[in-house]
2 protein chains.
Amino acid sequence: MPPSALDRTDRRILDTLQRDGRLPMTELAQQVGLSTSPVTERVRRLEREGVITGYHARIDPAKLGRPLLVFVELTLSSKSGELFEKLRNELMHEPRVLECHLVSGRFDYLIKMRLSAMSEYRELLAQLLQKIPVPAQSNSYVVMEEIKEGLTLPVDARAT
Amino acid sequence: MPPSALDRTDRRILDTLQRDGRLPMTELAQQVGLSTSPVTERVRRLEREGVITGYHARIDPAKLGRPLLVFVELTLSSKSGELFEKLRNELMHEPRVLECHLVSGRFDYLIKMRLSAMSEYRELLAQLLQKIPVPAQSNSYVVMEEIKEGLTLPVDARAT
DNA sequence: GCTGAAACTGAATAGTT
DNA sequence: AACTATTCAGTTTCAGC
């Protein structure tokens, strides 16, 4: 799982698979200009080394009954390690929380949730806060328009 | 592309493909308890109807040289439609901006960026702001710890 | 480390219940 | 709407360069 720096071919593979995760190895091979064997081997290596962490179908949230996207900024009044641990665990296991980050700055957690309606937002926030024994302050932002959302990283396919 | 409500089998398919987007149709079929033909047909239908919007390999940002995750809250001093349009376009085409949302509340845009270093953050923010002709206020939050990040939605596989 | 071919496994099509 | 059988495409493995 160590280094083995990414060369130009690796980068082209990553760039392509980011866009189409189901592309057959034969077609991927054509795109990067090699035959299938070395390309397959490279993909397996990138998986092994943890560069590629998975393949996922993406689903339209609205079509699954979750049209509401809300960001919550959360600040805890006490910052004991144990408390953070407890809340982290709660957030990790709540599937409606898509993202959660510990941030520096004015607040502690930045949380992103996908919900069916505002009523669900109230329920979920109450549920999360009631699990922690100290007061917390939260600011919420409802998304009016999703301009862009993705995990696709820029891959500059320059030489090794 | 219209409704055709998702039944229990559709939901199990979506749930499975969200977790493993490269799963062969034969194995997907086993998991949902059908033979491959109807499962393949259902997947094609879900793609056609826009429920499944794509398949993507996920890549470790740090391994691609982008260890820094920053959220930026942006407020424009003037809110003309034309100005929003211009900035939206800029953000849409900047690959280091992974997410961008128009939010209600104290600020206008919530932006998520993946960067190589703080120097790149300064450059990018300056670049974005200089493209718009009015003053803007921004607050930035550097992520100290990524607790959770994904696009995986909860799929309750209850009956039709 | 890549190519190319042979053997195998999965996907697609069409016909059946 | 789903199953089965056939055909075809993609994957895997390996000999040779």
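Excluded from the calculations below are hydrogen atoms, water molecules and symmetry mates; all remaining heavy atoms, backbone and side chain alike, are included. Letters go in sequence order (proteins before strands), and every chain restarts at 1.
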Q) Which letter, B, S or -, goes with each nucleotide of nucleotides 11-17 of chain C from 5' to 3', with contact meaning a protein heavy atom under 4.0 Å? A) SSB----
Q: Check the pair B:Glu73, B:Tyr141 against side-chain contact (heavy atoms from CB on, under 4.5 Å), reporting the backbone distance first and the verdict last.
A: CA-CA 8 Å; B:Glu73 299 172 352; B:Tyr141 302 98; 3.4 Å; yes
For atom [atom1] of [X] and atom [atom2] of [N], their distance in whole Å:
X: B:Arg8; N: D:dA1; atom1: CZ; atom2: P; answer: 17 Å
X: B:Glu41; N: D:dT4; atom1: CD; atom2: C1'; answer: 16 Å
X: A:Ile13; N: C:dG1; atom1: CD1; atom2: C1'; answer: 13 Å
X: A:Arg45; N: D:dT12; atom1: CZ; atom2: P; answer: 16 Å

Q. Would A:Val103 and A:Tyr109 satisfy side-chain contact (heavy atoms from CB on, under 4.5 Å), going step by step from the backbone distance to the final call?
A. CA-CA 6 Å; A:Val103 297; A:Tyr109 284 109; over 6 Å; no
**Q.** Salt bridge flag under 4.0 Å for residues A:Glu47 and B:Arg58
**A.** no
Q. Phosphate oxygens OP1/OP2 of D:dA1: is one of them under 4.0 Å from a side-chain N or O of B:Arg42?
A. no
Q.
Quick check: closest heavy atoms across B:Val155 and B:Gln18, and the distance to 0.1 Å?
A. CG2-NE2, 3.6 Å
Q: Determine the minimum heavy-atom distance between A:Ile132 and A:Ala136, stating which atoms define it.
A: CD1-CB, 4.1 Å
Donor-acceptor pairs are to be reported for all side-chain atoms of residues 89-98 of chain B against protein atoms at under 3.5 Å, with residues two or more places apart or in another chain.
{"residue": "B:Asn89", "atom": "OD1", "partner": "B:His93", "partner atom": "ND1", "Å": "3.4"}
{"residue": "B:Glu90", "atom": "OE2", "partner": "B:Lys131", "partner atom": "NZ", "Å": "2.9"}
{"residue": "B:His93", "atom": "ND1", "partner": "B:Asn89", "partner atom": "O", "Å": "2.8"}
{"residue": "B:Glu94", "atom": "OE1", "partner": "B:Arg96", "partner atom": "NH2", "Å": "3.3"}
{"residue": "B:Glu94", "atom": "OE2", "partner": "B:Arg96", "partner atom": "N", "Å": "3.0"}
{"residue": "B:Glu94", "atom": "OE2", "partner": "B:Arg96", "partner atom": "NE", "Å": "2.7"}
{"residue": "B:Arg96", "atom": "NH1", "partner": "B:Glu120", "partner atom": "OE2", "Å": "2.9"}

